Amino acid sequence: MMLFTTLKTATAVVVLDMVQVGNLGNPVDLAGGNFGSVNYEYQIGKYPITIAQYAEFLNAVAANDIYALYDANLATNLNIVGIKQNGATGSYSYSVQDNSGYSGNRPITYINWWRACRFTNWMANGQPTGAQDSKTTEDGTYTLSGAVSGNAKPINSINPNTGKTPLYYIAREDEWYKAAYYNAQSQTYTRFATQSNEIPGNVISSKPNQVNYINPESLMCTTQSTELLTGVVNYLTDVGAFTASASYYGTYDQCGNVWEVGSC
């Protein structure tokens, strides 16, 4: 799963809803590993990247998926399905699947750092269509040049494809943490990304402080059952389904639904 920061909102096929994070120079969270202080304004995704948005990306650049942007588990793991890859190498297409309802508005899974970087480059380059090359996935915010392992790449100060500051990048840990946990009104950090210090519930509703996770009674969110129905039930929920459980800045699902770096 991914959340992205941006300098401004772009107009294209995939449109990411963003929220503004201000309150410059907020203190670090001393109880949470000294994270969260950011001395500049930024924007971050209101929701995780969805399955439908990632499918648009695949259809744009992965007819010949040379850098493995697609993971077959997206079609076979029915608990978090997905996306189906159709056709053969050189003419692949990708379709959003239904399982326990339409999957497109649920968060994308099976994303590693390299896939996240390539999605980010594609967004920063204006969502072009074509082979996975320097104009689509291999340069932009990050210069990857075919790398699929090794050390993380730094953010480019200038996107070589646009000649401008990169529009999108993967959220830094302090940015992610502040958007999730900081409350500028009280100038404190909460334990959960729902503006609460209380253990969340996990009922899909308009009640506050609800999260998609296995609660202390071992009840799973979508079924409210202790039984894990492997390959039968899709346990993902639509992004933003817990309508009264946003962070102070208005982000959703930073705690729960699927795991991401920096999450609860």
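Keep in mind that what you see is a predicted model, and the values were worked out from it rather than measured. Values below: all heavy atoms of this structure, side chains included; hydrogens, waters and symmetry mates excluded. We number each residue from 1, following the sequence as shown.
- Taking the six-membered ring for Trp and thresholds of 30 and 60 degrees, Tyr142 and Trp113 have ring planes more than 60 degrees apart, a perpendicular arrangement.
- If you check the side chains of Asn209 and Thr194, you find a donor sitting under 3.5 Å from an acceptor.
- Ala124 and Leu167 get closest at one heavy-atom pair: CB-N, 4.4 Å.
- The closest side-chain heavy-atom distance from Val21 to Tyr182 is not below 4.5 Å.
- Atom CG of Asp71 sits about 8.5 Å away from atom CG of Asn112, to the nearest 0.5 Å.
- Between Phe242 and Val211, the closest side-chain pair of non-hydrogen atoms is not below 4.5 Å.
- Side-chain atoms of Lys178 come within 3.5 Å of backbone atoms of Asn23 as a donor-acceptor pair (strictly under, hydrogens ignored).
- Here OH of Tyr70 is found 9.0 Å from NZ of Lys84. Values are rounded to the nearest 0.5 Å.
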Determine, stepwise, if the pair Ile83 / Leu58 fulfils side-chain contact (heavy atoms from CB on, under 4.5 Å). CA-CA 10 Å; Ile83 299 172; Leu58 292 173; 4.1 Å; yes

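- Looking at Asn59, its side chain does come within 3.5 Å of a backbone N or O of Tyr94 through a donor-acceptor pair.
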Apply side-chain contact (heavy atoms from CB on, under 4.5 Å) to the pair Asp29 and Tyr177, showing each step before the final yes or no. CA-CA 9 Å; Asp29 184 7; Tyr177 196 96; 2.6 Å; yes

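- Shown here for Val96 and Ile51, the closest heavy-atom pair between the two residues is CG1-CG2, 4.1 Å.
- For the pair Leu78/Val232, no side-chain contact is recorded, criterion being any heavy-atom separation below 4.5 Å from C-beta on.
- Shown here for Val233 and Asn99, the closest heavy-atom pair between the two residues is C-ND2, 4.4 Å.
- Side chains of Asn86 and Ser95: a donor-acceptor N/O pair is present below 3.5 angstrom, by distance only.
- Between the side chain of Asn125 and the backbone N or O of Thr137, no donor-acceptor pair lies under 3.5 Å.
- Annotation for Thr226 and Glu217: closest pair CG2-O, 3.8 Å, computed over non-hydrogen atoms.
- For the pair Thr141 and Asn121, the tightest heavy-atom approach, listed with the atom from each and the gap, is N-OD1, 2.8 Å.
- For Asn73 (side chain) and Thr76 (main-chain N/O), no donor-acceptor pair under 3.5 Å exists by modelled atom type.
- Listed for the Gln195 side chain is a donor-acceptor partner under 3.5 Å among the backbone atoms of Ser247.
- Taken to the nearest 0.5 Å, the CD1 atom of Ile204 stands 11.5 Å off from the OG atom of Ser245.
- Val61 is not connected to Tyr67 by any chain of hydrophobic side-chain contacts under 4.5 Å among Ile, Leu, Val, Met, Phe, Trp and Tyr, and they are in different clusters.
- Between Ile44 and Tyr249, every side-chain heavy-atom pair lies at or beyond the 4.5 Å cut-off.
- The backbone N or O of Asn26 lies less than 3.5 Å from a partner atom in the side chain of Ser37, making a donor-acceptor pair.
- Relative orientation of the Phe57 and Tyr54 rings is perpendicular, given thresholds of 30° and 60° on the angle between their planes.
- Side-chain contact check for Ser145 versus Asp139: every heavy-atom pair is 4.5 Å or farther apart.
- Counting only distance, with no hydrogens or angles, the side chain of Gln127 and the backbone of Val13 share a donor-acceptor pair below 3.5 Å.
- Across all non-hydrogen atoms, the minimal contact from Ile155 to Arg172 is CD1-NH2, 3.6 Å.
- Between Gln53 and Tyr47, the side chains place no donor N or O within less than 3.5 Å of an acceptor N or O (distance only, hydrogens not considered).
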Give the intermediate values and the outcome of side chain to side chain donor-acceptor pair (under 3.5 Å) for residues Thr190 and Asn183. CA-CA 7 Å; Thr190 54; Asn183 186 313; over 6 Å; no

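- Judged purely by atom type and a 3.5 angstrom limit, Arg115 uses its side chain to pair as donor or acceptor with the backbone of Tyr110.
- How far CH2 of Trp122 is from OG1 of Thr129: 7.5 Å, rounded to the nearest 0.5 Å.
- In this structure, Arg106 contributes its side chain and Tyr235 its backbone to no donor-acceptor pair below 3.5 Å.
- A donor-acceptor pair shorter than 3.5 Å cannot be found between the side chains of Thr222 and Asn234.
- Residues Thr237 and Cys221 are in side-chain contact: their nearest non-hydrogen atoms beyond the backbone lie under 4.5 Å apart.
- No side-chain heavy atom of Asn159 sits under 4.5 Å from any side-chain heavy atom of Lys164.
- Hydrophobic clustering of Ile, Leu, Val, Met, Phe, Trp and Tyr side chains at less than 4.5 Å, counting indirect connections, keeps Ile66 apart from Tyr92.
- Two rings, from Tyr189 and Tyr181, have their centers 6.0 Å or more apart.
- Asn64 places no side-chain N or O within 3.5 Å of a backbone atom of Gln132 that could act as its donor or acceptor partner.
- Between Leu16 and Gln43 there is no side-chain heavy-atom pair separated by less than 4.5 Å.
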Let's go through Val258 and Asp253 carefully: what are the C-alpha distance in whole Å and the side-chain angles of both, what is the deciding distance for side-chain contact (heavy atoms from CB on, under 4.5 Å) to 0.1 Å, and is it a yes or a no? CA-CA 8 Å; Val258 296; Asp253 303 310; over 6 Å; no

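- If you chain together hydrophobic residues whose side chains sit under 4.5 Å apart, Trp176 and Val28 never meet in one group.
- Under the 3.5 Å distance criterion, with hydrogens and angles disregarded, a donor-acceptor pair is assigned to the side chains of Gln224 and Asn202.
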